[in-house]
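Working notes, beginning with the structure itself.
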Number of protein chains: 2
Amino acid sequence: MKEDPLYKSRKVITIGVVSELTGLSERQIRYYEERKLIFPERTERGNRKYSFSDVERLIDIANKRDEGVRTYEIRQEMLKDKKREDDAKIRNQMLRGQLNARFGIPKGKN
Amino acid sequence: MKEDPLYKSRKVITIGVVSELTGLSERQIRYYEERKLIFPERTERGNRKYSFSDVERLIDIANKRDEGVRTYEIRQEMLKDKKREDDAKIRNQMLRGQLNARFGIPKGKN
DNA sequence: CGTGTAAGGAATTCTGACACG
DNA sequence: CGTGTAAGGAATTCTGACACG
């Protein structure tokens with residue numbers, strides 16, 4: 001529930017800088033967004049803003065592409081990973097629920 | 001000696017976003033640079049790039065200014081703090097040198 | 001499919017200066 | 001001193017499209 005620093009996930013980097021950081025062309029970066037591999041925010045009038053996480057993800061994508069992996073496949077992998085995380089989260093919540101119901105675990109912050 | 005992530009100190013944020021983040025006008029942000037309170041890097045053709053640290057420093061400056069502190073005074077405080085840090089660093093190095101000379105402390109990463 | 005490019009426009013950023021107080 | 005603003009230019013970013021393979 002923290003949300004103050006999170007330097008890594010704040011979307012503040014413009015596409016030009018992301019291009020410098022990743023070595024990808026702006027065209028490629030926009031295309032990967034079109035293929036739903038990356039989700040930048042926008043400034044008021046529409047300029048894309050990325051986070052450091054996005055930059056790392058893009059570098060990852062670039063490596064996969066170099067190995068010949070298609071954007072569609074990269075997206076599939078992403079979704080698979082996402083599902084794993086979500087499932088783990090749910091299992092965790094169920095466990096908490098069980099423990100809480102039986103032993104009354106106090107409101108610990110994790 | 002680490003230098004990989006350092007999300008907080010990487011200079012990647014353009015002045016427009018910094019303005020949004022801090023609530024300061026671009027004019028003010030540039031002026032504080034002129035007064036040597038802040039030191040952005042530049043892109044190849046000259047656009048300013050700031051770090052999250054810079055953003056925090058600017059918010060600090062804005063608070064001081066609200067209290068009526070002059071830019072010159074803010075700079076003095078900064079230099080004083082800097083000196084303290086540098087002195088501490090030197091004392092630390094001397095201590096290491098002493099210990100190392102007498103007891104041969106191995107190459108610890110700290 | 002993945003990426004380059006030219007196109008045209010709108011917003012960004014830069015510097016140096018004048019203004020006011 | 002600290003900040004606003006108009007000025008003019010150069011670089012940025014955006015979208016939709018055509019191209020190639």
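All values below come from the heavy atoms of this structure, side chains included, with hydrogens, waters and symmetry mates left out. Below, chain A is the first sequence line, B the second, and so on; all start at residue 1.
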Can you tell me how far [atom2] of [N] sits from [atom1] of [X], to the nearest Å?
{"X": "B:L37", "N": "D:dT3", "atom1": "CG", "atom2": "P", "answer": "10 Å"}
{"X": "A:E44", "N": "C:dT12", "atom1": "CD", "atom2": "C1'", "answer": "14 Å"}
{"X": "B:E33", "N": "D:dT3", "atom1": "CD", "atom2": "C1'", "answer": "16 Å"}
{"X": "A:K49", "N": "C:dA11", "atom1": "NZ", "atom2": "P", "answer": "17 Å"}
{"X": "A:E26", "N": "D:dG16", "atom1": "CD", "atom2": "C1'", "answer": "16 Å"}
{"X": "A:E67", "N": "C:dG2", "atom1": "CD", "atom2": "C1'", "answer": "17 Å"}
{"X": "A:Y50", "N": "D:dT13", "atom1": "OH", "atom2": "C1'", "answer": "10 Å"}
{"X": "A:I38", "N": "C:dG2", "atom1": "CD1", "atom2": "P", "answer": "15 Å"}

Are [X] and [N] close enough that a side-chain N or O sits under 4.0 Å from OP1 or OP2?
{"X": "B:Y31", "N": "D:dG2", "result": "yes"}
{"X": "B:T71", "N": "D:dG2", "result": "yes"}
{"X": "A:R70", "N": "C:dT3", "result": "no"}
{"X": "A:T14", "N": "D:dT13", "result": "yes"}
{"X": "B:R35", "N": "D:dG2", "result": "yes"}

Worksheet entry | Heavy-atom closest contact (A:T14 atom, A:Y50 atom, distance) |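 Taking A:T14 first and A:Y50 second, the nearest heavy atoms are C-CD1, 4.4 Å.
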Which one, [options], comes nearest to the side chain of [X]?
{"X": "B:N47", "options": "D:dT13, C:dC14, D:dG2", "value": "C:dC14"}
{"X": "B:R42", "options": "D:dG4, C:dT13, C:dC14", "value": "C:dC14"}
{"X": "B:R27", "options": "C:dT5, D:dC14, C:dA17", "value": "C:dA17"}
{"X": "B:R45", "options": "D:dC14, D:dT12, C:dG2", "value": "D:dT12"}
{"X": "A:R65", "options": "D:dT12, D:dT13, C:dG2", "value": "C:dG2"}
{"X": "B:R30", "options": "D:dA11, C:dG2, C:dT13", "value": "C:dT13"}
{"X": "B:Q28", "options": "D:dT13, C:dT13, D:dT3", "value": "D:dT3"}

Worksheet item: After noting the C-alpha distance and the side-chain angles of B:R48 and B:E26, does the key distance pass the salt bridge (charged side-chain N to carboxylate O under 4.0 Å, His left out) rule?
Response: CA-CA 11 Å; B:R48 274 167 264 247; B:E26 298 184 8; over 6 Å; no
Item to complete: By nearest nucleotide on DNA chain C, pick out whichever of A:E34 and A:T43 is the more 5' one.
Response: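 Nearer the 5' end of the strand: A:E34.
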Worksheet item: Is there a donor-acceptor pair under 3.5 Å between the side chain of B:E73 and the backbone N or O of B:R70?
Response: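 At least one qualifying donor-acceptor pair exists.
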Worksheet item: Should D:dA6 form a Watson-Crick or G-U wobble pair with both distances under 3.5 Å, which nucleotide is its partner?
Response: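 For D:dA6, the partner nucleotide comes out as none, under the 3.5 Å rule.
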Worksheet item: Taking any strand in view, what nucleotide pairs with D:dA11 in a Watson-Crick or G-U wobble way, both distances under 3.5 Å?
Response: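 Pairing partner, where one exists within any strand: none, as none qualifies.
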Worksheet item: Got a salt bridge between A:D87 and A:R91, using NZ or NE/NH1/NH2 to carboxylate O under 4.0 Å?
Response: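 Between A:R91 and A:D87 there is no salt bridge, as every charged N stays at least 4.0 Å from the carboxylate O atoms.
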Practice prompt. Pick out which of A:R84, A:K89, A:K82 makes a side chain to side chain donor-acceptor pair (under 3.5 Å) with A:D86.
Written response: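 The residue from A:R84, A:K89, A:K82 that satisfies side chain to side chain donor-acceptor pair (under 3.5 Å) with A:D86 turns out to be A:K82.
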Practice prompt. Could you walk me through whether A:R45 and A:N47 pass side chain to side chain contact (heavy atoms under 4.5 Å, CB included), step by step?
Written response: CA-CA 6 Å; A:R45 45 65 62 156; A:N47 280 22; 2.3 Å; yes
